[in-house]
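If you're wondering where the values come from, they're calculated on a predicted model, not measured in any experiment. Every heavy atom of this structure was used, including side-chain atoms; hydrogens, water molecules and symmetry mates were not.
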Amino acid sequence: MSAQKTAQDQDDVLAMLADSINVWVGKLSEIVQRIVDVGPIRSVVNWGRIYSLWPVNITTACCSAEFGAASGARHDLERFGVLPLGSLRQSDLLVAEGTITKKMAKRLRMIYDQMAIPRYVIAMGDCAISGGLFHDSYSIVNGAHEFIPVDVYVPGCPPRPEALEQAIIMLQEKIRHSKVYERG
Amino acid sequence: MILSQEREQALIKKLKDRFPSEITEARVVRRSRPEILVKPENLVEVATFLRDELGMDHANGVSGVDYNREARFEIIYHCSSLQNKETRDIVMAIKESIPRNTPKARSLISVWPGVDNFERETFEMFGITFDGHPRMEKLFLTDNWDGPPPLRKEVRFPTD
Amino acid sequence: MTVPEKPAPLAAVESSRTADSGPQTLTVSVGPQHSGSGHMRLIIELDGDIIVNAAPDPGYVHRGIEKICEVRNIIKSIPVIERPAIIDSSNLNHAYIRAIEELQGVEAPVRSQYLRCLLNEMNRIMSHLYWLSIFGVFLGHTTMFMWPLGDRELFIDLAEKLTGARITHSYIVPGGVRRDLPQGFADEAIKRIAYFEKRLVEYDKIFFNNPIFTSRAKGVGVLPRSEAIAIGATGPTLRGSGVDADLRKDEPYAAYSKLDFGIPTRKEGDSFSRAIIREEEMLESCKLIKQILKDIPAGPIRRKAPIVVPRGEAYSRVESARGECSFYMVGEGGDKPYRVRFITASFRNMSAIPVLLKGGHMADMPTAWWSVDYWPVEADR
Ligand code: SF4
């Protein structure tokens with residue numbers, strides 16, 4: 001009986017100890033975050049993020065033809081560090097390439113949720129901005145922002161590859177000024 | 001190139017001779033575009049005859065049209081031939097008219113296996129069920145739309 | 001074909017393994033996010049490594065274009081019509097305009113017929129090159145991803161000169177075409193084609209005659225001739241199975257009856273024959289472009305056509321890059337059609353995919369799948 005009690009006491013003490021350590025670790029990490037966000041470490045981390053924007057290999061509609069052209073030989077997105085990849089766990093960038101139907105919107109949200117933080121979204125084409133040519137159709141979502149947060153919009157139907165390059169440069173600029181520990 | 005419509009007339013004549021009462025209308029719309037209107041209950045026999053005797057070995061497509069003012073749907077099977085090189089340009093249209101309140105038709109999948117997806121699409125777009133089709137399910141609209149069949153005329157657009 | 005809509009949960013699969021009765025299969029869902037490209041899902045039933053059953057699940061790009069065409073007037077729907085096959089846009093545009101012209105009874109001037117063929121052939125090359133580059137992605141052949149996309153820009157530039165847009169040309173309008181040939185176009189085109197024909201030899205060396213490719217494609221995904229006809233396959237998929245059907249020859253439209261070209265055909269029906277046919281078609285298209293630029297007559301490029309769809313029905317079809325694209329149009333006399341139905345080549349070839357995959361290995365799936373050139377946007381409309 002008494003032995004049991006002492007064990008329980010011990011547990012309580014341990015739990016208390018763990019709690020206080022947690023609080024301290026939390027405080028510590030906050031301090032670390034603050035230091036990282038003001039110091040030169042931030043620019044180093046952001047520099048790393050800027051030049052490894054790997055997009056998920058998901059195409060939503062016809063704008064993908066221009067995305068293909070942009071990753072091809074003449075425009076070569078790889079010089080910006082954009083390398084289309086099969087695995088979404090290793091990707092940072094989601095390019096919504098055109099019309100998003102209701103069927104695809106569900107899957108796109110699933111893909112977005114599976115991507116690791118930090119993750120960025122480019123809405124490419126008029127369709128991904130506002131529905132474009134098909135704004136009054138029965139089966140599409142008018143704009144990617146209705147279900148995922150969007151960083152950069154690229155207007156055009158389809159946007160020229162140069163416009164996509166511009167969007168990537170804009171996104172890189174945005175990352176350069178962002179905090180390291182931002183959630184989202 | 002022959003500019004006359006002899007081949008089409010001959011085709012229609014053969015069909016008319018074989019099915020005098022089942023084919024209610026037959027005409028040549030344009031060069032190489034003959035067209036017949038068949039009673040829905042005789043569709044399979046006519047299609048089988050077309051395939052076996054006249055060489056129409058594949059279906060180019062199945063279309064539905066909603067004539068809501070006349071309270072009917074029209075289903076059109078376009079079929080043509082690849083075996084006979086001279087008649088490859090002929091596209092035969094087989095039409096059937098079904099009432100709008102009981103949208104039921106007989107499937108032609110036993111005659112032309114290629115109509116599988118076309119009939120499924122007609123089912124989801126117009127709500128017409130095809131008897132004898134092994135998999136009468138939605139094709140495109142599984143998560144896209146769950147209102148009435150969208151290509152019916154009563155479904156209207158905001159900009160219409 | 002009874003394939004469950006949802007992939008079976010793991011527990012169910014495990015329990016079916018322990019039970020002695022019934023086939024021990026596993027259902028795998030490939031897509032819409034997969035390492036190739038294309039916005040569609042394949043539901044594949046596997047027995048070990050062998051594909052027992054495959055069912056495509058399209059509809060990820062279904063935008064209701066047939067309905068949209070009913071609420072816009074015929075000129076406004078031209079851009080909508082060409083979006084489904086954006087890499088092959090002018091062929092769809094051509095089929096649509098032909099249906100309208102058939103109803104209106106308008107015939108376009110001869111020079112515009114030649115110009116239409118010119119753009120169609122350029123689009124065919126562009127589309128085949130895009131297909132080839134994605135084939136490279138599917139096979140993990142990075143060179144074949146980069147090269148065709150680079151060479152495609154040659155023709156994109158030409159098309160941009162002619163029409164003003166890179167890939168969405170909206171060039172063909174009722175009664176003719178929008179613009180005439182720009183100055184110096186012919187010389188530029190011939191120079192580029194000469195370069196491209198040399199490049200095709202290099203393609204042969206690095207890809208089509210490469211044992212890495214041939215051993216993966218020969219005998220893989222065989223579509224027998226009789227089956228290809230019965231399921232209504234079309235385009236290079238059909239020609240790969242030994243049927244020399246091509247609407248440009250069988251039902252000559254525009255200026256094709258006056259031009260001289262061949263139809264590449266193969267008997268084997270495997271992935272390799274479907275691939276090599278597309279390469280040979282590009283050569284034929286180059287020949288055609290050269291002929292068109294030499295033979296093109298002078299004259300007007302556009303005739304006045306009313307913005308009205310007369311009462312009646314029309315059925316028109318053209319040979320697009322992937323095969324037959326057909327329009328069925330019902331008019332009522334207004335400026336909007338009563339019904340537009342269009343059936344694209346990819347939609348028809350979709351029925352071929354299960355046939356190709358069945359009985360093959362899972363590792364051969366990408367080759368067999370993409371050799372059909374199934375472009376989901378075109379199939380879903
Ligand atoms: S913006 Fe234009 S090109 Fe892009 S998906 Fe929409 S319709 Fe297609």
Quick one: closest heavy-atom pair of C:N210 and C:H141, and the distance? ND2-NE2, 4.1 Å
Counting only heavy atoms closer than 4.5 Å, note whether [X] contacts chain A via side chain, backbone, both or neither.
{"X": "C:F145", "result": "side chain"}
{"X": "C:R152", "result": "side chain"}
{"X": "C:E82", "result": "neither"}

Given heavy-atom pairs under 4.5 angstrom as the criterion, report whether the side chain, backbone, both or neither of A:Y138 touches chain C. side chain
Check whether any side-chain N or O of [X] sits under 3.5 Å from a backbone N or O of [Y] as a donor-acceptor pair, and report yes or no.
{"X": "C:D380", "Y": "C:V61", "answer": "yes"}
{"X": "C:S89", "Y": "C:A85", "answer": "no"}
{"X": "C:R381", "Y": "C:V377", "answer": "no"}
{"X": "C:W370", "Y": "C:W131", "answer": "yes"}
{"X": "A:N46", "Y": "A:I175", "answer": "yes"}

Determine, for A:F147 and A:R109, whether the Lys NZ or Arg CZ falls below 6.0 Å from the six-membered ring centre while staying within 45 degrees of the axis. no
Side-chain touch A:R49/A:R176, heavy atoms, less than 4.5 angstrom: no
With respect to chain C, which residue among A:R160, A:R74, A:E97 yields the maximal number of heavy-atom pairs within a distance under 4.5 Å? A:R74
Highest number of heavy-atom pairs under 4.5 Å with chain C among A:G98, A:C63, A:P161, A:A105 belongs to A:P161
Using a cut-off of under 4.5 Å on heavy-atom pairs, state which of [options] scores highest against chain A.
{"options": "C:P148, C:G150, C:G59", "result": "C:G59"}
{"options": "C:I87, C:D151, C:T168, C:I68", "result": "C:I68"}
{"options": "C:I156, C:I86, C:I65", "result": "C:I86"}

Residues in residues 124-133 of chain A near chain C [non-hydrogen atoms, under 4.5 Å]: A:L133
One thing to verify: whether C:R124 and C:E281 come together as a salt bridge, which I'm taking to mean a side-chain N less than 4.0 angstrom from a carboxylate O. no
salt_bridge(C:E153, C:R166) N-O dist < 4.0 Å: yes
